[in-house]
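Accompanying notes for the structure given below.
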Amino acid sequence: MNTCSHLCSSLLNKCKTLKTMKQVHAFVHKTGLDTDPLVFGKLLLHCAVTISSDALDYARRLFLHFPYPDTFMYNTLIRGLADSDNPHNALLLFHDMRRKYVRPIDSFSFAFTLKAAANCGSLREGMQLHCQGLLHGLHTHVFVGTTLVSMYGECGCIGLARKVFDEMPEPNVVAWNAVLTACFKCGDVEGAEEVFGSMPWKDLTSWNIVVAGYVKADELELAKEAFWRMPVKDDVSWSTMIVGFAQSGCFDEAFGFFGELQRKGVRPNEASLSGVLSACAQAGAVEFGRILHGLVEKAGFLSMISVNNALLDMYSKSGNVEMARLVFERMPERKSVVSWTSMIAALAMHGYGKEAIQFFCRMEASGVRPDGIAFISVLYACSHAGLVNEGCEYFSKMRDLYGIEPAIDHYGCMVDLYGRAGKLQKAYDFVCQLPISPNAIVWRTLLGACSIHGNVELAEQVKEMLSKLDPDNAGDHVLLSNVYAAAGKWKDVAAVRRSMADQKIKKTPGWSVIEVGKVMYRFVAGDKSNKITEEAYEKLREIMLKLRVGGGYLPEVGSVLHDIEVEDKEDSVFMHGEKLAVAFGLARLPEGRMIRIVKNLRVCRDCHTVMKLISKVYRSEIVVRDRSRFHSFKDGCCSCNDYW
DNA sequence: GTAGGGTTAG
């Protein structure tokens, strides 16, 4: 018997998937060993914790069939459920265990259930558990105490977290680290600094917590300072910096830290690779991204879901939807809701709205449950493809079938859906009857729609609302002025401009980036400061001449915030960064190579027209990523069908 | 036979 359970143990350790797990279970069942609590407990632990995800349901069924589960089995399933999508189930199981008095509750039961309460963000449950722990005399237990500190930190109650910590008889370094984390989590940077200062021991982890804490508090300079000051660094320290800077939108810094990591000979890990790939995605740096893809492959990270998702997103956001699709199809194991959502967004951004919807159906069929963000991406797909009815259906389905309450972002998608399709009145009525008060983004979306469809009256009304909610936003003024300009109301354009000057509101400077020979070149409208921009201007002049003569081009000046002479307006449109970037690409890239541009603002109508003409006259494919989507220009047409 | 603290994609 003993030899048999050892055999089971070693077999189980080799199980990495639910399928092999089921085979072992069949074997165990055949030999009758599955009635042995030790063997069964191991089996459960493997399903619920080691393999988890889709094996967790299997673990629940196993548990239900075992006649009298012991404390270990309860604890194991609680632990698995605590880390699942629905940690609430762990709380239910704990209450079941307690109510039935079937088995004694121990420190493990408390620790795992507290984790579940923390993961639910349920302070009420957490406090109840705290009281029960007091009754059981477990509050002084160092493990339970540490979990309590983490739970209170997670729920935003730094006072309670510190109180529990202060009452711990002998806090060890892990407890100190927990209270340090809690301070940062609750935004109490000063408290964290005080705790860090009074720690009797600082190990590597404490330093990593401080670095990550500064990053999350958006104190990037302090994070850097702590990072360089720490006595020893490991791969987590490096990935904290890379991920942190990538998430804060500082992709240049993220690249810098990744390069430094490589120079220092530190092996990149799953997190640092995901982080640097995310920086590539933001920057649209596909050349560097490709190199990283090779590295990922060579270093054996292709089995990791987060790295795959980051790769997919990198290809998608740098304009290569086909590579994104390939990464998706080749992805190992079960795809997560993140993988599906990224793919749906990728297709939608590139103008394949209908296919994006098909992917959403595929996701549902594969048993992956869509979450709120998945619905954002499918609604985005509908609105950008003009599929109003489908969008409305998904909006209802989200609530009725999946029980997801729409958040403000979902309402924003609906406004976009109606607005883009020209149903401006419907969009306006929709905003007016929202159950939550609309934010500036929702109104701005409507203003954007007014700008597309040239509705001056509604635009003015919407801008009124925006002036109350977010008076300093330059983009809103620009949008309104575009509406006036398109209607030829130059006096109103001038008035907007004057009011911007009076209120000292500055336009967000537009920039466009192009990668040539693994170097990112950035172009800003009107910048004539260096050799690179001179080269771009030179080429652009040549291009525009060719377009006027051979392409029948006439500049569109509606999108320019100007009240001056027509020639000047033309000159200003002429200077937009994306035109310079394309010109630079045509000058420097090998003939026939696709030109990829990343822009921080939305592409203007004139640039859009010019791109279409260039793609025809120069027989060149151009992909522009603007703030909201991709435009793929080929043979004089754009993948957005002029609908953006 | 189980734990507690640090980095991970949309």
Side-chain angles (χ1 to χ4, degrees), chain A residues 5-6 8-9 12 37-46 48-50 70-80 82 106-112 114-115 118 141-151 153 168 171-182 184-185 203-213 215-216 234-244 246-247 268-278 281 301 304-314 316-317 327 335-346 370-374 376-377 380:
Chain A
S5 34
H6 276 304
C8 289
S9 247
L12 281 170
L38 278 180
V39 174
F40 186 81
K42 258 260 148 62
L43 199 73
L44 201 64
L45 181 65
H46 246 77
V49 179
T50 316
D70 61 18
T71 300
F72 176 84
M73 295 172 197
Y74 267 100
N75 291 350
T76 301
L77 193 55
I78 290 172
R79 184 182 168 198
D106 61 12
S107 61
F108 291 95
S109 327
F110 269 102
F112 298 145
L114 275 168
K115 179 110 182 276
H141 190 289
V142 67
F143 279 93
V144 176
T146 307
T147 325
L148 273 169
V149 171
S150 304
M151 184 275 295
M168 284 173 82
N172 58 14
V173 64
V174 182
W176 276 98
N177 286 339
V179 77
L180 183 61
T181 304
F184 277 120
K185 188 122 244 166
D203 66 4
L204 183 58
T205 301
S206 318
W207 280 97
N208 282 340
I209 294 167
V210 169
V211 172
V215 168
K216 292 235 164 68
D234 66 355
D235 59 324
V236 174
S237 331
W238 285 97
S239 50
T240 302
M241 297 307 277
I242 294 163
V243 168
Q247 284 180 344
N269 63 14
E270 200 179 340
S272 54
L273 281 169
S274 303
V276 72
L277 281 167
S278 149
F301 284 103
M304 291 168 176
I305 192 114
S306 62
V307 175
N308 274 289
N309 291 342
L311 267 177
L312 190 169
D313 195 47
M314 180 276 292
S316 149
K317 295 223 172 94
V327 171
K335 297 160 176 65
S336 71
V337 66
V338 177
S339 332
W340 285 100
T341 305
S342 312
M343 198 58 226
I344 293 164
D371 61 7
I373 308 177
I376 299 267
S377 71
Y380 174 96

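Because only heavy atoms are used, hydrogens play no part in the values below, and waters and symmetry mates are left out as well, while side chains stay in.
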For the side chain of A:V173, counting heavy atoms from C-beta on, which of B:dA3, B:dT8, B:dG5 is nearest?
B:dG5

Between A:A111 and A:T147, what is the shortest heavy-atom contact and its length?
O-CG2, 3.4 Å

In whole Å, what is the span from the CE atom of A:M314 to the P atom of B:dA9?
16 Å

With a 4.0 Å cut-off on heavy atoms, is A:P370 in touch with a base, just the backbone sugar-phosphate, or nothing at all?
nothing

Could you verify whether a donor N or O on one side chain and an acceptor N or O on the other, from A:S206 and A:D203, lie under 3.5 Å apart?
yes

Figure out the OH/P separation between A:Y380 and B:dG10, and round it to whole Å.
15 Å

Taking the side chain of A:V338 as its heavy atoms from C-beta onward, which of B:dT2, B:dT8, B:dG10 lies nearest to it?
B:dG10

Sugar-phosphate only, base, or nothing, as touched by A:N172 at under 4.0 Å among non-hydrogen atoms:
base

Under the criterion side-chain hydrogen bond (donor to acceptor under 3.5 Å, both in side chains), I'd like the reasoning laid out for A:S339 against A:S336: C-alpha separation, chi angles, the key distance, then a yes or no.
CA-CA 5 Å; A:S339 332; A:S336 71; 3.2 Å; yes

When we call it a touch if two heavy atoms are under 4.0 Å apart, what does A:I209 touch: a base, just sugar-phosphate, or nothing?
sugar-phosphate

My understanding is that only residues two or more places apart in sequence, or in another chain, count here; which of them pass side chain to side chain contact (heavy atoms under 4.5 Å, CB included) with A:D70?
A:P37, A:F72, A:M73, A:R103

Please report the distance, rounded to the nearest Å, between CD1 in A:I305 and C1' in B:dG10.
12 Å

Checking A:S306 against A:N309: is there a side-chain donor and acceptor pair closer than 3.5 Å?
no

Within the structure, does a side-chain N or O atom of A:Q247 lie under 4.0 Å from either OP1 or OP2 of B:dT7?
no

If I take atom CG in residue A:L180 and atom P in nucleotide B:dG5, what distance separates them, rounded to the nearest angstrom?
13 Å

Hey, does A:D313 reach any base, or is it just sugar-phosphate, or nothing, if we go heavy atoms under 4.0 Å?
sugar-phosphate

When you measure from the side-chain N and O atoms of A:K185 to the phosphate of B:dG5, is any distance below 4.0 Å, counting only OP1 and OP2?
no

Among the nucleotides B:dA9, B:dG10, B:dG1, which one has an atom lying closest to any side-chain atom of A:D70?
B:dG1

Indicate, with a heavy-atom threshold strictly under 4.0 Å, whether A:G41 touches base, sugar-phosphate, or nothing.
base

Across the strands shown, which category fits A:H46 at heavy-atom distances under 4.0 angstrom: base, sugar-phosphate, nothing?
nothing

Looking only at side-chain atoms of A:V174, point me to the closest of B:dA9, B:dG4, B:dG1.
B:dG4

Could you state the atom-to-atom distance from CG of A:N177 to P of B:dG4 in whole Å?
14 Å

Students often get this wrong, so: under 4.0 angstrom with heavy atoms, is A:T146 touching a base, only sugar-phosphate, or nothing?
base

Any N/O donor-acceptor pair, A:T240 side-chain to B:dT7 base, under 3.5 Å
no

Minimal non-hydrogen separation, A:T341 against A:S377, with atom names
CG2-OG, 3.7 Å

Establish whether the base of B:dG10 is bridged to the side chain of A:S342 by a donor-acceptor pair shorter than 3.5 Å.
no

Rounded to whole Å, how long is the line connecting atom CG of A:L38 with atom P of B:dT2?
11 Å

Classify A:V215 by what it touches in the nucleic acid, base, sugar-phosphate, or nothing, heavy-atom distance under 4.0 Å.
nothing

Once you apply a heavy-atom cut-off of 4.0 Å, does A:A374 come out as touching a base, just sugar-phosphate, or nothing?
base

Base, sugar-phosphate, or nothing: which does A:S272 touch, judged by heavy atoms less than 4.0 Å apart?
nothing

Heavy-atom closest pair, residues A:S109 and A:T71:
OG-CG2, 4.2 Å

Nucleotide B:dT8, atom P - distance to CE of A:M241 in whole Å
13 Å

Between A:F72 and B:dG1, do the rings stack, that is, sit under 5.5 Å apart with planes less than 30° off each other?
yes

Tell me what A:T181 touches on the nucleic acid: a base, only sugar-phosphate, or nothing, going by heavy atoms under 4.0 Å.
sugar-phosphate

May I have the distance from A:L311 (atom CG) to B:dT8 (atom P), rounded to whole angstrom?
17 Å

Look at all strands and tell whether A:V210 reaches a base, only sugar-phosphate, or nothing, counting heavy atoms closer than 4.0 Å.
nothing

Closest listed nucleotide, where the reference is the side chain of A:A178 and the choices are B:dA3, B:dG5, B:dT8
B:dG5

Which of the following nucleotides, B:dG5, B:dA9, B:dT2, is nearest to the side chain of A:D203?
B:dG5

